[in-house]
Amino acid sequence: MHLLLIAPRCPPNQRTIPLGLAYISSYLKKAGKSVDCLDLNHSEEPVAQILQSCFRKKRYSIICCGGLSIYYHQIKELVELSRKYCPGAKIVLGGALVSCEPELMLDSLRPDYIVIGEGEQTILDLIDHLENKQPVETVKGLAFRNSHGKCMLSLPRPRLTDLDALPIPDYEAFGYEQYLDNMHPSDIEFYDIFDHPRVHSIVGSRDCPFRCTFCYHVLGGKYTQRSIKSIMDELEYVVKKYRINVISFYDQLFAKDPERVLELCSKIKPFLNSLPWDCRWFVAGLRVPDISDHLIKAMIDAGCFMISFGLESYSIDILKSYKKRTTPEQIERAVRTTFNNRISLWANFVFFDIAETKHTAQITLDYWIKNSQIGLELTHLRPFPGTAIYKHCLAKGTIKDKLKFVADASQQCFNTSDQLTEEEFNEVRHRIAEAWALHRKYAVPESLQRSSDGTICFTIECPHCKSSIKYSNYLYIWPGMKIYCRRCRKTFFMISTRRKLISLSLLCIIAKIVPGRLWQYWNGLTREYLRKTFDYDDDKIEILSDE
């Protein structure tokens, strides 16, 4: 029985190795199964053409795919084309998109089976049952329709308790070298630490023990961690094999306590120092109450250049509504400690919780304005499918059509507050958009030119530390692009001298008229739109230059 794993095509700035599928591939291969992998991000040919060519060469018994809800349309296309070009194959879907609404996705996407939660053991169990012609009803963690068309949910599958037992993800099968060779500093914000980033994303844990209302726990909420030894074993292999220079720990929650982070620091520092090239690391998923001067200094000493932790709001009422289990005082201490130690911070304030009022929103906005030089982001609440807020919006009637919302509307900004009228909601949006335009640090490129390979290089002075730094190998740039200073690690935004005043004035005018469009623009929700609008042809480059 031959199995094909397909990674759906993503927008250019979201293309990273599909870790979930890479784990499944290595797990099944270790069990002796016949597995092929197809990553659609390595070709610009039409998806239909790629799949048709693939299925001409080989017929598959099972085709697997999956992902987040933002990839609904890509996954739907894959299912339809697989049905067309490989009839008879069983189609299995996994990931947050289908786990949160299995019956809805069975009706809409029409796979044969849906894997709910962790996929490794469930898919292996399913393959064994299909090979042996056994009833799949006994496979735990599965959703499917029986012969009468009824949606069936099997018993939940117990979570994996020993993540160290999992093999290293099958990076080679998904063309990891090609991913790394095609990375640019302009792909994702923190990639700009190097002109030629080679970023390895690694997961040191699964799920999160906390219950914030805006998070969906696709794995059920049971928190499991890899040992630091397991993490280092993977890094020893991957970093040296692929000459990685940025390690990204991309967990929902990397650590419940500072001791785990300190243990990582003690192991990763000598490893990075042994490399003949510069390699740094970034960690997501730290808790505000755990941030201390001692912890931050230890992380910096071990090569960490950026951290991420959840802020969400500076209003105690909203923090309680979000079930954050943090306080404004803890946020202030964590932000100040991070800022004073000159390490980059990636964190958001998220507006329009169900309890948000004009007063609570203003508390957060006032704090952001006073601390705008730190580089904190402003964004709006997104009721992702499966979250408590998503369920609240369904019950309230804010979300009227579940399928339409999942497919098209989950990224849009709309009033999710029970306290704000539409007029008040728009007023708050205006304030946020206006503050975002006016209370940030801007800088004008000292020079800007395109290299022979089509990439862009520019020199710009950091408005914080006054260092003049050259950035190269940018695939594209745009007005208002966020930049991290490589010297002081603070953030600022690129803008043109000749158009600085008119640009800022225009932003404020737009904020009053079409705040939704401005919100999407400045929060990067439509990066592909920006790329098409401000691509790097000669005329557009002149917009940003002083010539």
Side-chain angles (χ1 to χ4, degrees), residues 67-72 95-101 117 205-223 250-254 256 284-289 308-328 330-331 334-335 345-357 360-361 363-365 367-368 376-399 402 405-406 408-420 425 428-429 432 516 519-520 523-525:
L68 301 172
S69 57
I70 57 176
Y71 301 127
Y72 171 86
L97 168 63
V98 295
S99 290
C100 64
E101 289 280 6
S205 63
R206 288 187 176 182
D207 220 314
C208 176
F210 300 100
R211 292 292 177 271
C212 298
T213 58
F214 48 80
C215 279
Y216 172 58
H217 294 273
V218 65
L219 302 182
K222 182 180 178 182
Y223 184 57
Y250 213 70
D251 299 51
Q252 280 186 280
L253 180 69
F254 179 78
K256 288 192 297 183
L286 296 186
R287 297 195 67 238
V288 164
S308 173
F309 45 75
L311 300 182
E312 279 52 83
S313 178
Y314 202 68
S315 162
I316 186 63
D317 294 332
I318 302 304
L319 290 171
K320 289 179 179 178
S321 181
Y322 277 143
K323 297 185 178 180
K324 278 295 297 180
R325 297 171 65 175
T326 57
T327 66
Q330 290 172 330
I331 289 175
V335 168
L345 172 60
W346 191 6
N348 294 323
F349 281 124
V350 183
F351 292 87
F352 307 122
D353 172 61
I354 60 176
E356 193 83 86
T357 65
T360 61
I363 289 174
T364 299
L365 190 58
Y367 178 80
W368 180 86
L376 306 176
E377 300 288 335
L378 302 178
T379 188
H380 63 86
L381 180 67
R382 305 174 200 175
F384 288 114
T387 63
I389 290 179
Y390 169 78
K391 295 174 183 177
H392 177 84
C393 289
L394 287 175
K396 181 184 173 183
T398 307
I399 299 175
K402 286 198 294 186
F405 176 80
V406 172
D408 300 313
S410 62
Q411 298 293 305
Q412 294 179 6
C413 178
F414 60 95
N415 189 1
T416 47
S417 169
D418 291 346
Q419 310 300 321
L420 293 169
F425 168 67
V428 172
R429 281 206 300 178
I432 296 169
W519 190 279
Q520 287 184 329
N523 284 281
L525 302 181

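- Of the residues Phe349, Phe214, Phe352, the one that meets the ring-ring contact (aromatic ring centres under 6.0 Å, His included) test with Tyr322 is Phe214.
- Between the side chain of Ser308 and the backbone N or O of Trp346 there is at least one donor-acceptor pair closer than 3.5 Å.
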- Candidate pair Ile331 and Leu319, rule side-chain contact (heavy atoms from CB on, under 4.5 Å), full reasoning: CA-CA 11 Å; Ile331 289 175; Leu319 290 171; 4.0 Å; yes
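- At distances below 3.5 Å, not a single donor-acceptor pair connects side-chain atoms of Asn348 with backbone N or O atoms of Val350.
- Taking CD1 from Ile70 and CZ from Phe384, the interatomic distance works out to 7.0 Å, rounded to the nearest 0.5 Å.
- Heavy atoms only, all atoms of each residue included: Gly310 and Val288 are closest at O-CG2, 3.3 Å.
- Surrounding CZ of Arg325 are at most 12 heavy atoms belonging to other residues, nucleotides or ligands under 6.0 Å away.
- Taken from NZ in Lys323 to CZ in Arg211, the straight-line distance is 10.0 Å, to the nearest 0.5 Å.
- In this structure, Arg382 contributes its side chain and Thr379 its backbone to no donor-acceptor pair below 3.5 Å.
- Side-chain contact between Leu365 and Tyr367: absent, with no pair of heavy atoms (C-beta onward) separated by less than 4.5 Å.
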- Kindly determine whether Ile399 and Tyr390 satisfy side-chain contact (heavy atoms from CB on, under 4.5 Å), including the steps that lead there. CA-CA 8 Å; Ile399 299 175; Tyr390 169 78; 3.7 Å; yes
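- Heavy-atom contacts from other residues, nucleotides or ligands closer than 6.0 Å to OH of Tyr250 number 12 or fewer.
- Ile318 has its side chain out of reach of Glu312: every pair of non-hydrogen atoms, C-beta onward, lies at least 4.5 Å apart.
- Taking the side chain as every heavy atom from C-beta outward, Thr416 and His380 never approach each other to under 4.5 Å.
- A heavy-atom distance below 4.5 Å is found between the side chains of Ile389 and Asp353.
- Counting heavy atoms from C-beta outward, Thr360 and Tyr314 have side chains that stay 4.5 Å or more apart.
- Judged purely by atom type and a 3.5 angstrom limit, Ser205 uses its side chain to pair as donor or acceptor with the backbone of Leu253.
- Within the 4.5 Å cutoff, no side-chain heavy atoms of Thr398 are placed close to those of Asn415.
- To the nearest 0.5 angstrom, Cys208 atom SG is 9.5 Å from Lys256 atom NZ.
- Although no hydrogens or angles enter the test, the distance criterion places a donor-acceptor pair under 3.5 Å between the side chain of Ser99 and the main chain of Gly95.
- No side-chain donor from either of Gln330 and Thr326 sits under 3.5 Å from a side-chain acceptor of the other.
- Taking Asp251 as the reference, nothing meets the salt bridge (Lys or Arg N to Asp or Glu O under 4.0 Å) condition, with sequence neighbours excluded.
- Using a 4.5 Å heavy-atom cutoff, the side chains of Phe309 and Phe254 are not in contact.
- At least one donor-acceptor pair closer than 3.5 Å links the side chain of Tyr216 to the backbone N or O of Cys100.
- Taking the ring centre of Phe210 as origin, the terminal cationic atom of Arg287 falls inside the region bounded by 6.0 Å and 45° from the ring axis.
- Judged by distance alone, with hydrogens and angles left aside, the side-chain atoms of Trp368 form no donor-acceptor pair with the main-chain N or O of Leu378 at under 3.5 Å.
- If you take SG on Cys413 and CZ on Arg429, they are separated by 4.5 Å, rounding to the nearest 0.5 Å.
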- After noting the C-alpha distance and the side-chain angles of Ile354 and Asp418, does the key distance pass the side-chain contact (heavy atoms from CB on, under 4.5 Å) rule? CA-CA 5 Å; Ile354 60 176; Asp418 291 346; 4.0 Å; yes
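- Here the side chain of Ser417 pairs a donor or acceptor atom with the backbone of Glu356 at under 3.5 angstrom.
- When every heavy atom of Thr213 is checked against every heavy atom of Ser321, the shortest pair comes out as CG2-O, 3.5 Å.
- Atom NZ of Lys391 has 12 or fewer heavy atoms from other residues, nucleotides or ligands within 6.0 Å.
- A donor-acceptor contact under 3.5 angstrom links the side chains of Ser313 and Thr364, judged on distance only.
- Scanning both residues, Ile316 and Pro328, for their nearest heavy atoms gives CD1-CD, 3.8 Å.
- Inter-residue side-chain proximity for Tyr72 and Leu97 is flagged as met; some heavy-atom pair is nearer than 4.5 Å.
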